[in-house]
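Notes to accompany the following structure.
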There are 2 protein chains.
Amino acid sequence: MVSERLIKQIEFIVEVDKLKRIFRQNVVIGTTQQENDAEHSWHLALMAIFLSEHSSAETLDILRVLKMLLIHDLVEIHAGDTFCYDVKGNQDKSEREQRSADKLFNLLPSDQAQEVMDLWREFEKMETPEALFAASLDRLQPLLLNYHTHGHTWQRPGINSEKVLSRNKVLEQPVPLLWEYVKDVIEDCINKGYLVR
Amino acid sequence: MVSERLIKQIEFIVEVDKLKRIFRQNVVIGTTQQENDAEHSWHLALMAIFLSEHSSAETLDILRVLKMLLIHDLVEIHAGDTFCYDVKGNQDKSEREQRSADKLFNLLPSDQAQEVMDLWREFEKMETPEALFAASLDRLQPLLLNYHTHGHTWQRPGINSEKVLSRNKVLEQPVPLLWEYVKDVIEDCINKGYLVR
(Lines give C-alpha, C1' and ligand atoms only; values in the text may rest on other atoms or scores of the structure.)
Protein backbone atom coordinates (compact mmCIF):
# COMPACT_ATOMS: atom_id res chain seq x y z
CA MET A 1 0.00 0.00 0.00
CA VAL A 2 1.67 3.21 -1.17
CA SER A 3 1.15 6.02 1.34
CA GLU A 4 -0.24 9.47 0.61
CA ARG A 5 3.00 10.86 1.98
CA LEU A 6 5.07 9.04 -0.63
CA ILE A 7 2.69 10.10 -3.40
CA LYS A 8 3.27 13.74 -2.44
CA GLN A 9 7.03 13.28 -2.35
CA ILE A 10 7.02 11.64 -5.79
CA GLU A 11 4.81 14.39 -7.24
CA PHE A 12 7.30 16.98 -6.05
CA ILE A 13 10.23 15.00 -7.44
CA VAL A 14 8.55 14.75 -10.83
CA GLU A 15 7.57 18.45 -10.83
CA VAL A 16 11.12 19.65 -10.15
CA ASP A 17 12.29 17.89 -13.31
CA LYS A 18 11.33 21.26 -14.84
CA LEU A 19 14.48 22.80 -13.35
CA LYS A 20 16.29 21.19 -16.30
CA ARG A 21 14.32 23.53 -18.57
CA ILE A 22 15.22 26.79 -16.83
CA PHE A 23 18.10 28.18 -18.83
CA ARG A 24 20.74 30.54 -17.50
CA GLN A 25 22.91 33.17 -19.16
CA ASN A 26 26.09 31.07 -19.13
CA VAL A 27 27.02 28.43 -21.67
CA VAL A 28 28.59 25.06 -20.85
CA ILE A 29 32.36 25.27 -21.49
CA GLY A 30 33.30 24.39 -25.07
CA THR A 31 29.71 24.43 -26.34
CA THR A 32 26.91 26.77 -27.37
CA GLN A 33 24.62 24.85 -24.98
CA GLN A 34 23.04 27.23 -22.46
CA GLU A 35 23.53 26.00 -18.92
CA ASN A 36 20.34 25.17 -17.02
CA ASP A 37 19.54 25.46 -13.33
CA ALA A 38 19.76 21.72 -12.62
CA GLU A 39 23.30 21.49 -14.03
CA HIS A 40 24.27 24.68 -12.21
CA SER A 41 22.90 23.36 -8.89
CA TRP A 42 24.80 20.09 -9.31
CA HIS A 43 28.01 21.99 -10.06
CA LEU A 44 27.66 24.16 -6.94
CA ALA A 45 27.01 21.15 -4.71
CA LEU A 46 30.07 19.39 -6.09
CA MET A 47 32.16 22.52 -5.51
CA ALA A 48 30.95 22.68 -1.91
CA ILE A 49 32.39 19.22 -1.23
CA PHE A 50 35.86 20.09 -2.45
CA LEU A 51 36.12 23.73 -1.35
CA SER A 52 34.58 23.67 2.14
CA GLU A 53 38.05 23.74 3.78
CA HIS A 54 38.40 27.35 2.58
CA SER A 55 35.47 28.59 4.65
CA SER A 56 36.49 31.10 7.32
CA ALA A 57 33.73 29.83 9.64
CA GLU A 58 34.79 27.91 12.75
CA THR A 59 32.31 25.18 11.95
CA LEU A 60 30.37 24.65 8.76
CA ASP A 61 27.44 22.24 8.45
CA ILE A 62 28.27 20.93 5.00
CA LEU A 63 25.08 18.84 4.81
CA ARG A 64 22.99 21.99 5.19
CA VAL A 65 25.15 23.74 2.59
CA LEU A 66 24.51 20.90 0.13
CA LYS A 67 20.76 20.88 0.79
CA MET A 68 20.61 24.65 0.28
CA LEU A 69 22.53 24.49 -2.98
CA LEU A 70 20.41 21.63 -4.33
CA ILE A 71 17.16 23.55 -3.71
CA HIS A 72 18.27 27.20 -4.05
CA ASP A 73 17.05 27.70 -7.63
CA LEU A 74 13.84 25.61 -7.50
CA VAL A 75 11.76 28.79 -7.23
CA GLU A 76 12.88 29.69 -10.75
CA ILE A 77 10.63 26.90 -12.07
CA HIS A 78 7.73 29.35 -11.92
CA ALA A 79 9.61 32.65 -11.51
CA GLY A 80 12.23 32.12 -14.27
CA ASP A 81 15.92 32.99 -14.21
CA THR A 82 16.63 36.68 -13.62
CA PHE A 83 20.00 37.86 -14.99
CA CYS A 84 21.94 39.20 -12.01
CA TYR A 85 22.77 42.48 -13.77
CA ASP A 86 19.16 43.07 -14.93
CA VAL A 87 18.05 45.99 -12.70
CA LYS A 88 14.41 46.00 -13.86
CA GLY A 89 13.98 42.21 -13.62
CA ASN A 90 15.38 42.24 -10.10
CA GLN A 91 12.78 44.75 -8.84
CA ASP A 92 9.92 42.23 -8.49
CA LYS A 93 12.16 39.14 -8.26
CA SER A 94 11.59 38.36 -4.60
CA GLU A 95 7.81 38.65 -4.89
CA ARG A 96 7.71 36.35 -7.94
CA GLU A 97 9.99 33.86 -6.22
CA GLN A 98 7.96 33.80 -3.00
CA ARG A 99 4.80 32.95 -4.96
CA SER A 100 6.70 30.22 -6.79
CA ALA A 101 8.06 28.81 -3.51
CA ASP A 102 4.57 28.63 -2.00
CA LYS A 103 3.21 26.81 -5.03
CA LEU A 104 6.10 24.38 -5.43
CA PHE A 105 7.17 23.49 -1.90
CA ASN A 106 3.58 22.84 -0.80
CA LEU A 107 3.44 19.82 -3.06
CA LEU A 108 5.51 18.12 -0.33
CA PRO A 109 4.19 16.80 3.01
CA SER A 110 3.93 19.83 5.30
CA ASP A 111 7.00 19.08 7.47
CA GLN A 112 9.21 18.78 4.38
CA ALA A 113 7.59 21.84 2.76
CA GLN A 114 8.57 23.77 5.88
CA GLU A 115 12.12 22.38 5.83
CA VAL A 116 12.74 23.40 2.24
CA MET A 117 11.12 26.82 2.76
CA ASP A 118 13.44 27.40 5.74
CA LEU A 119 16.48 26.31 3.73
CA TRP A 120 15.56 28.60 0.83
CA ARG A 121 14.97 31.59 3.14
CA GLU A 122 18.26 30.94 4.92
CA PHE A 123 20.04 30.90 1.57
CA GLU A 124 18.37 34.11 0.43
CA LYS A 125 19.13 36.00 3.65
CA MET A 126 22.89 35.28 3.51
CA GLU A 127 23.43 35.57 7.24
CA THR A 128 24.58 32.16 8.49
CA PRO A 129 28.06 30.77 7.66
CA GLU A 130 26.36 28.05 5.58
CA ALA A 131 24.30 30.54 3.54
CA LEU A 132 27.31 32.81 3.03
CA PHE A 133 29.45 29.91 1.86
CA ALA A 134 26.68 28.71 -0.48
CA ALA A 135 26.18 32.23 -1.87
CA SER A 136 29.93 32.54 -2.46
CA LEU A 137 29.93 29.40 -4.60
CA ASP A 138 26.88 30.73 -6.46
CA ARG A 139 29.04 33.73 -7.48
CA LEU A 140 32.26 31.79 -8.14
CA GLN A 141 30.75 29.16 -10.47
CA PRO A 142 29.45 31.52 -13.20
CA LEU A 143 32.73 33.45 -12.94
CA LEU A 144 34.64 30.22 -13.67
CA LEU A 145 32.38 29.50 -16.64
CA ASN A 146 32.91 33.02 -17.95
CA TYR A 147 36.66 32.67 -17.49
CA HIS A 148 36.62 29.56 -19.69
CA THR A 149 34.20 30.85 -22.34
CA HIS A 150 36.00 34.13 -23.16
CA GLY A 151 33.63 36.06 -20.89
CA HIS A 152 30.47 34.86 -22.65
CA THR A 153 27.91 36.70 -20.49
CA TRP A 154 30.18 39.71 -19.93
CA GLN A 155 29.96 40.82 -23.56
CA ARG A 156 26.62 42.55 -23.03
CA PRO A 157 26.38 46.33 -22.94
CA GLY A 158 26.79 47.78 -19.46
CA ILE A 159 28.79 44.91 -17.92
CA ASN A 160 32.25 45.87 -16.69
CA SER A 161 34.87 44.68 -14.20
CA GLU A 162 33.56 47.00 -11.49
CA LYS A 163 30.13 45.36 -11.60
CA VAL A 164 31.59 41.85 -11.65
CA LEU A 165 33.93 42.66 -8.77
CA SER A 166 31.11 44.17 -6.75
CA ARG A 167 28.89 41.13 -7.32
CA ASN A 168 31.68 38.79 -6.21
CA LYS A 169 32.66 40.83 -3.15
CA VAL A 170 30.37 38.58 -1.10
CA LEU A 171 33.26 36.05 -1.10
CA GLU A 172 35.61 38.35 0.84
CA GLN A 173 34.59 37.43 4.37
CA PRO A 174 33.30 33.81 4.05
CA VAL A 175 36.12 32.51 1.79
CA PRO A 176 39.05 34.98 1.76
CA LEU A 177 41.35 32.73 -0.28
CA LEU A 178 38.70 32.34 -2.98
CA TRP A 179 38.17 36.10 -2.98
CA GLU A 180 41.90 36.56 -3.70
CA TYR A 181 41.56 34.03 -6.52
CA VAL A 182 38.49 35.80 -7.94
CA LYS A 183 40.33 39.14 -8.03
CA ASP A 184 43.22 37.49 -9.92
CA VAL A 185 40.78 35.94 -12.40
CA ILE A 186 39.02 39.25 -13.02
CA GLU A 187 42.35 40.97 -13.64
CA ASP A 188 43.36 38.20 -16.05
CA CYS A 189 40.01 38.48 -17.86
CA ILE A 190 40.51 42.22 -18.33
CA ASN A 191 44.00 41.57 -19.75
CA LYS A 192 42.67 38.90 -22.10
CA GLY A 193 39.85 41.14 -23.32
CA TYR A 194 37.02 39.01 -21.86
CA LEU A 195 35.82 41.86 -19.66
CA VAL A 196 36.01 45.63 -20.04
CA ARG A 197 37.61 47.62 -17.23
CA MET B 1 48.95 34.14 -2.87
CA VAL B 2 46.77 31.41 -4.41
CA SER B 3 47.94 27.99 -3.26
CA GLU B 4 48.82 25.03 -5.48
CA ARG B 5 46.11 23.09 -3.61
CA LEU B 6 43.42 25.55 -4.65
CA ILE B 7 44.67 25.56 -8.25
CA LYS B 8 44.23 21.77 -8.36
CA GLN B 9 40.74 21.96 -6.89
CA ILE B 10 39.70 24.61 -9.41
CA GLU B 11 41.15 22.61 -12.31
CA PHE B 12 39.04 19.63 -11.24
CA ILE B 13 35.94 21.78 -10.86
CA VAL B 14 36.40 23.21 -14.36
CA GLU B 15 37.11 19.77 -15.86
CA VAL B 16 33.93 18.20 -14.46
CA ASP B 17 31.87 20.83 -16.30
CA LYS B 18 32.08 18.17 -19.05
CA LEU B 19 29.52 16.05 -17.18
CA LYS B 20 26.92 18.42 -18.66
CA ARG B 21 27.88 17.05 -22.09
CA ILE B 22 27.43 13.37 -21.28
CA PHE B 23 23.96 12.53 -22.54
CA ARG B 24 21.80 9.72 -21.22
CA GLN B 25 19.05 7.63 -22.80
CA ASN B 26 16.18 9.44 -21.03
CA VAL B 27 14.63 12.70 -22.13
CA VAL B 28 13.62 15.53 -19.81
CA ILE B 29 9.84 15.32 -19.17
CA GLY B 30 7.80 17.23 -21.74
CA THR B 31 10.75 17.81 -24.08
CA THR B 32 12.91 16.09 -26.68
CA GLN B 33 15.97 17.28 -24.73
CA GLN B 34 18.17 14.31 -23.78
CA GLU B 35 18.96 14.32 -20.09
CA ASN B 36 22.63 14.67 -19.20
CA ASP B 37 24.61 13.25 -16.31
CA ALA B 38 24.85 16.55 -14.40
CA GLU B 39 21.07 17.01 -14.39
CA HIS B 40 20.60 13.35 -13.47
CA SER B 41 23.06 13.62 -10.56
CA TRP B 42 21.32 16.74 -9.26
CA HIS B 43 17.95 15.01 -9.45
CA LEU B 44 19.20 11.98 -7.50
CA ALA B 45 20.74 14.15 -4.79
CA LEU B 46 17.49 16.08 -4.42
CA MET B 47 15.54 12.81 -4.19
CA ALA B 48 17.88 11.57 -1.46
CA ILE B 49 16.97 14.55 0.72
CA PHE B 50 13.23 13.92 0.52
CA LEU B 51 13.15 10.11 0.44
CA SER B 52 15.77 9.15 3.03
CA GLU B 53 13.07 8.37 5.62
CA HIS B 54 12.13 5.31 3.52
CA SER B 55 15.52 3.66 3.98
CA SER B 56 15.32 0.37 5.89
CA ALA B 57 18.77 0.98 7.42
CA GLU B 58 18.90 1.74 11.14
CA THR B 59 21.12 4.72 10.48
CA LEU B 60 21.91 6.35 7.16
CA ASP B 61 24.69 8.89 6.68
CA ILE B 62 22.82 11.18 4.32
CA LEU B 63 25.88 13.39 3.75
CA ARG B 64 27.79 10.41 2.38
CA VAL B 65 24.78 9.47 0.22
CA LEU B 66 24.73 12.99 -1.26
CA LYS B 67 28.48 12.99 -1.91
CA MET B 68 28.23 9.60 -3.62
CA LEU B 69 25.35 10.70 -5.83
CA LEU B 70 27.04 13.94 -6.80
CA ILE B 71 30.21 12.13 -7.95
CA HIS B 72 28.85 8.73 -9.07
CA ASP B 73 28.76 9.45 -12.81
CA LEU B 74 31.92 11.55 -13.11
CA VAL B 75 33.80 8.59 -14.57
CA GLU B 76 31.51 8.79 -17.62
CA ILE B 77 33.34 11.99 -18.64
CA HIS B 78 35.98 9.78 -20.26
CA ALA B 79 34.15 6.44 -20.33
CA GLY B 80 30.80 7.69 -21.72
CA ASP B 81 27.30 6.63 -20.71
CA THR B 82 26.62 2.92 -21.12
CA PHE B 83 22.93 2.04 -21.59
CA CYS B 84 22.02 -0.30 -18.73
CA TYR B 85 20.47 -2.90 -21.08
CA ASP B 86 23.45 -2.86 -23.48
CA VAL B 87 25.09 -6.26 -22.85
CA LYS B 88 28.12 -5.68 -25.08
CA GLY B 89 28.79 -2.16 -23.80
CA ASN B 90 28.67 -3.40 -20.23
CA GLN B 91 31.40 -6.02 -20.77
CA ASP B 92 34.33 -3.58 -20.62
CA LYS B 93 32.49 -0.87 -18.69
CA SER B 94 34.30 -1.28 -15.38
CA GLU B 95 37.74 -1.25 -16.99
CA ARG B 96 36.93 1.91 -18.99
CA GLU B 97 35.51 3.57 -15.91
CA GLN B 98 38.49 2.73 -13.72
CA ARG B 99 40.86 4.34 -16.25
CA SER B 100 38.61 7.39 -16.34
CA ALA B 101 38.52 7.59 -12.53
CA ASP B 102 42.33 7.48 -12.31
CA LYS B 103 42.68 10.26 -14.87
CA LEU B 104 39.96 12.51 -13.48
CA PHE B 105 40.20 12.15 -9.70
CA ASN B 106 43.97 12.62 -9.72
CA LEU B 107 43.52 16.20 -10.81
CA LEU B 108 42.60 16.82 -7.16
CA PRO B 109 45.01 17.11 -4.22
CA SER B 110 45.88 13.51 -3.24
CA ASP B 111 43.76 13.34 -0.05
CA GLN B 112 40.66 14.49 -1.95
CA ALA B 113 41.46 12.22 -4.91
CA GLN B 114 41.49 9.34 -2.43
CA GLU B 115 38.21 10.45 -0.84
CA VAL B 116 36.37 10.61 -4.15
CA MET B 117 37.87 7.29 -5.31
CA ASP B 118 36.65 5.67 -2.07
CA LEU B 119 33.17 7.17 -2.50
CA TRP B 120 32.94 5.98 -6.09
CA ARG B 121 34.11 2.44 -5.22
CA GLU B 122 31.65 2.29 -2.33
CA PHE B 123 28.85 3.31 -4.68
CA GLU B 124 29.85 0.73 -7.27
CA LYS B 125 30.10 -2.13 -4.76
CA MET B 126 26.56 -1.60 -3.40
CA GLU B 127 27.31 -3.09 0.00
CA THR B 128 26.85 -0.33 2.59
CA PRO B 129 23.38 1.03 3.46
CA GLU B 130 24.42 4.36 1.92
CA ALA B 131 25.52 2.78 -1.37
CA LEU B 132 22.39 0.63 -1.54
CA PHE B 133 20.16 3.62 -0.94
CA ALA B 134 22.04 5.66 -3.57
CA ALA B 135 21.85 2.80 -6.09
CA SER B 136 18.10 2.49 -5.44
CA LEU B 137 17.57 6.14 -6.35
CA ASP B 138 19.73 5.66 -9.44
CA ARG B 139 17.18 3.02 -10.58
CA LEU B 140 14.05 4.88 -9.47
CA GLN B 141 14.82 8.19 -11.19
CA PRO B 142 15.00 6.92 -14.80
CA LEU B 143 11.88 4.83 -14.10
CA LEU B 144 10.03 8.00 -13.08
CA LEU B 145 11.21 9.76 -16.22
CA ASN B 146 10.06 6.83 -18.34
CA TYR B 147 6.71 6.79 -16.57
CA HIS B 148 6.19 10.45 -17.51
CA THR B 149 7.51 10.22 -21.09
CA HIS B 150 5.37 7.27 -22.28
CA GLY B 151 8.22 4.83 -21.68
CA HIS B 152 10.67 6.74 -23.88
CA THR B 153 13.71 4.45 -23.44
CA TRP B 154 11.60 1.30 -23.17
CA GLN B 155 10.55 1.40 -26.81
CA ARG B 156 13.77 -0.19 -28.00
CA PRO B 157 13.83 -3.77 -29.20
CA GLY B 158 14.47 -6.29 -26.45
CA ILE B 159 13.29 -4.19 -23.48
CA ASN B 160 10.38 -5.70 -21.54
CA SER B 161 8.83 -5.53 -18.09
CA GLU B 162 10.84 -8.49 -16.85
CA LYS B 163 14.13 -6.71 -17.58
CA VAL B 164 12.92 -3.46 -16.02
CA LEU B 165 11.64 -5.28 -12.95
CA SER B 166 14.89 -7.19 -12.58
CA ARG B 167 16.96 -4.00 -12.86
CA ASN B 168 14.84 -2.31 -10.20
CA LYS B 169 14.84 -5.27 -7.81
CA VAL B 170 17.81 -3.67 -6.04
CA LEU B 171 15.24 -1.45 -4.24
CA GLU B 172 13.54 -4.37 -2.48
CA GLN B 173 15.75 -4.57 0.61
CA PRO B 174 17.06 -0.98 1.04
CA VAL B 175 13.71 0.80 0.42
CA PRO B 176 10.80 -1.69 0.58
CA LEU B 177 8.08 0.96 0.26
CA LEU B 178 9.69 2.35 -2.89
CA TRP B 179 9.98 -1.18 -4.28
CA GLU B 180 6.21 -1.60 -3.83
CA TYR B 181 5.72 1.71 -5.61
CA VAL B 182 8.02 0.67 -8.47
CA LYS B 183 6.07 -2.56 -9.02
CA ASP B 184 2.81 -0.56 -9.20
CA VAL B 185 4.35 1.85 -11.71
CA ILE B 186 5.63 -0.98 -13.91
CA GLU B 187 2.18 -2.62 -13.90
CA ASP B 188 0.59 0.71 -14.80
CA CYS B 189 3.12 1.24 -17.60
CA ILE B 190 2.27 -2.18 -19.07
CA ASN B 191 -1.44 -1.32 -18.94
CA LYS B 192 -0.82 2.04 -20.60
CA GLY B 193 1.28 0.46 -23.35
CA TYR B 194 4.54 2.18 -22.32
CA LEU B 195 6.27 -1.16 -21.70
CA VAL B 196 5.73 -4.62 -23.18
CA ARG B 197 5.09 -7.47 -20.80
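Since the structure is predicted, the reported quantities are computational estimates derived from the model, not experimental observations. Chain naming here is simple, since letters A, B, ... match the order of the sequence lines and numbering starts at 1 in each.
Residues meeting the ring pair (Phe, Tyr, Trp, His ring centres under 6.0 Å) test with H72(A), sequence neighbours left out: H40(A), F123(A).
Among the candidates L70(B), I10(B), I49(B), the residue making the largest number of heavy-atom pairs closer than 4.5 Å to chain A is L70(B). Looking only at heavy-atom pairs under 4.5 Å with chain A, the residue among L140(B), N36(B), I13(B), L108(B) that has the most is I13(B). The most heavy-atom pairs under 4.5 Å with chain B, out of L19(A), L178(A), I62(A), come from L19(A). With chain A as the partner, the residue from Q141(B), K67(B), E115(B) showing the most heavy-atom pairs under 4.5 Å is K67(B).
L144(A) touches chain B through its side chain: at least one heavy atom from C-beta onward sits under 4.5 Å away, while N, CA, C and O do not. Looking at V16(B), the atoms closer than 4.5 Å to chain A (heavy atoms on both sides) sit in the backbone and in the side chain alike. For a residue to count as touching a neighbouring chain, one of its non-hydrogen atoms must lie under 4.5 Å from one of that chain's; by this rule D184(B) touches chain A with the side chain only. Contacts of L66(B) with chain A are made by side-chain atoms alone, with heavy-atom separations under 4.5 Å and no backbone atom involved. L74(A) touches chain B through its side chain: at least one heavy atom from C-beta onward sits under 4.5 Å away, while N, CA, C and O do not.
Distance alone, capped at 3.5 Å, places no donor-acceptor pair between the E39(B) side chain and the E39(A) backbone. Judged by distance alone, the side chain of R21(B) and the main-chain N or O of I29(A) form a donor-acceptor pair under 3.5 Å. At least one donor-acceptor pair closer than 3.5 Å links the side chain of Q33(A) to the backbone N or O of K20(B).
The shortest side-chain heavy-atom distance between Y147(B) and V14(A) does not fall under the 4.5 Å cut-off. By the 4.5 Å heavy-atom criterion applied to side chains, L6(B) and L51(A) are counted as neighbours.
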